[in-house]
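Computation of the quantities below employed the complete heavy-atom set of this structure, encompassing side-chain atoms and omitting hydrogens, waters and symmetry-equivalent molecules.
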Amino acid sequence: MHAVASAAARLAPSPRSSRLRSSAAVRFAPRRCRLSPVRAERASNKNAAEEITSAKLSLLVDDLRAASGDANGVDLTDEDRSEVDSILAVIESLCPSDNRAKAHVDGTLAGTSWDLIYTDSAGNSSGKIGPFVGKVRQVFKPSDDPNGGPGTYTNVVELFGGLLAIKLDAVAEAVTGRGTAGVGAPDASSDGANASSDALKVTFVDTSVWVLGAEVFRRPFPEGRSGTWVMKHVSDELRVLRTNQGNVFALGRSSDS
């Protein structure tokens with residue numbers, strides 16, 4: 001009887017072993033990650049700042065559309081253009097991305113389309129063909145398009161409600177180098193060690209004419225014909241670029257994109 005009681009006493013958990021197990025359970029129990037008050041405040045302030053910036057940008061885009069008119073800006077007076085330039089300056093300062101060229105070549109824009117809001121260009125890319133001004137849309141080809149791929153896009157000028165369309169196919173590539181010379185031109189003296197985060201080389205492929213949805217003419221560009229964009233603003237609703245010809249283009253994301 002004493003032997004049984006002694007064995008039971010030996011097998012019973014001692015207060016010390018219980019404390020050890022409890023201590024181990026505390027040490028190895030999963031801990032909840034909690035932000036310190038300072039980090040939590042910083043995260044909250046960052047989210048609030050992003051919301052304010054987004055709301056401000058939306059208002060600025062509305063102002064840009066109103067100031068640009070309904071002809072892509074081609075009929076504006078010098079005073080009107082000054083107003084647009086002031087709006088664009090603020091928009092460019094609000095760009096949320098530090099690598100504005102990347103989205104054009106990594107497939108992010110594949111399948112999206114963008115409507116021209118404003119340009120100061122007098123060329124056909126403004127939508128002006130003779131006395132007429134058409135709707136201009138920039139369409140990035142889907143990634144599964146047999147003629148597509150990252151950076152491939154088509155500029156489309158539509159006249160007479162789409163009865164006549166002039167299309168330009170091109171490919172955008174990231175510019176390697178330390179920076180840009182002038183407005184968007186690659187730095188020829190660069191050794192290519194670094195890549196510009198906002199410059200794109202645009203190579204023109206061909207231009208075509210479409211009537212009632214059918215292609216009637218296509219002509220390739222001379223080999224190597226290209227230009228350069230410097231992306232000044234890239235966000236979900238707006239892209240602003242400046243070309244090596246000194247022109248600016250502001251494009252808003254299409255409502256069906």
Would the distance check show the side chain of His233 and the main-chain N or O of Ile91 forming a donor-acceptor pair, the cut-off being under 3.5 Å? yes
For Ser226, which residues count as a side chain to side chain donor-acceptor pair (under 3.5 Å) partner, sequence neighbours excluded? none
Can you check whether His104 reaches Val234 side chain to side chain, under 4.5 Å on heavy atoms? yes
Listing, residues 125-132 side-chain donor-acceptor contacts under 3.5 Å, not counting sequence neighbours, or none:
| residue | atom | partner | partner atom | Å |
| --- | --- | --- | --- | --- |
| Ser126 | OG | Gly123 | O | 2.6 |
| Ser126 | OG | Lys128 | N | 3.4 |
| Lys128 | NZ | Gly130 | O | 3.1 |

Residues in side chain to side chain donor-acceptor pair (under 3.5 Å) with Glu237, at least two apart? Ser58
Heavy atoms of Ile87 and Ala67 approach each other most closely as CD1-CB, 4.0 Å
Between the main-chain N or O of Ser113 and the side-chain N or O of Ser254, is there a donor-acceptor pair closer than 3.5 Å? yes
Are Val105 and Leu109 connected, step by step, through hydrophobic side chains (Ile, Leu, Val, Met, Phe, Trp, Tyr) whose heavy atoms are closer than 4.5 Å? yes
Report yes if the side chains of Asn72 and Val136 come closer than 4.5 Å at any heavy-atom pair, otherwise no. yes
Leu238 and Ile117, any side-chain heavy atoms less than 4.5 Å apart: yes
Donor-acceptor check, side chain of Ser93 to backbone of Val90, threshold 3.5 angstrom: yes or no? yes
Would you please classify the geometry between the Phe221 ring and the Phe204 ring as parallel, tilted or perpendicular, with 30° and 60° separating the classes? tilted
Check: Leu64 and Leu88 side chains under 4.5 Å, non-hydrogen atoms: yes
About how many Å separate CG of Asp236 and OG1 of Thr108, when rounded to the nearest 0.5 Å? 10.5 Å
Nearest 0.5 Å, please: how far is CG in Leu241 from CG in Asp198? 11.5 Å
4.5 Å side-chain heavy-atom contact, Phe249 and Ser121: yes
Students should find that the hydrophobic cluster of Val133, defined by side-chain heavy atoms under 4.5 Å apart, otherwise consists of Val74
Is the shortest heavy-atom distance from the side chain of Leu94 to the side chain of Leu60 under 4.5 Å? yes
Sequence neighbours excluded, which residues qualify as side chain to side chain donor-acceptor pair (under 3.5 Å) partners of Thr203? none
Would a hydrophobic clustering, with Ile, Leu, Val, Met, Phe, Trp and Tyr connected at side-chain separations under 4.5 Å, put Val139 with Val202? no
Who pairs with Asp63 by side chain to side chain donor-acceptor pair (under 3.5 Å), at least two apart in sequence or on another chain? none
Atom of Arg65, atom of Gly252 and distance for their closest heavy-atom approach: NH2-CA, 4.0 Å
Check the hydrophobic clustering (I, L, V, M, F, W, Y; side-chain heavy atoms under 4.5 Å; chains of links allowed) and say if Val240 and Leu59 are grouped together. no
Starting from Val205 and following side-chain heavy-atom contacts under 4.5 Å between hydrophobic residues (I, L, V, M, F, W, Y), which residues can be reached? Val171
Side chains of Tyr118 and Val248: does their closest heavy-atom pair fall under 4.5 Å? yes
Here the side-chain hydrogen bond (donor to acceptor under 3.5 Å, both in side chains) pairs for residues 150-171, sequence neighbours left out, are Gln138-Asn155, Thr154-Asp169, Asp169-Arg218
Count I, L, V, M, F, W, Y as connected when their side-chain heavy atoms are under 4.5 Å apart, and connections chain through other members. Are Leu164 and Val157 then in the same cluster? yes
Ring pair (Phe, Tyr, Trp, His ring centres under 6.0 Å) filter on Phe217, not counting sequence neighbours, yields none
Would one find more than 12 heavy atoms of other residues, nucleotides or ligands at under 6.0 Å from atom CG of Asp62? yes
What's the verdict on side chain to side chain contact (heavy atoms under 4.5 Å, CB included) for Ile166 and Thr207, showing C-alpha distance, side-chain angles and the deciding distance? CA-CA 7 Å; Ile166 300 173; Thr207 185; 4.1 Å; yes
Quick one: are Trp229 and Arg100 in side-chain contact, heavy atoms under 4.5 Å? no
Can you tell me which residue pairs pass the salt bridge (Lys or Arg N to Asp or Glu O under 4.0 Å) test with a partner in residues 67-82, sequence neighbours excluded? none
Could you note down all residue pairs passing salt bridge (Lys or Arg N to Asp or Glu O under 4.0 Å) where residues 101-124 supplies at least one of them, sequence neighbours left out? Asp115-Arg137
Run the salt bridge (Lys or Arg N to Asp or Glu O under 4.0 Å) test against Glu92 and tell me which residues pass, sequence neighbours left out. Arg242
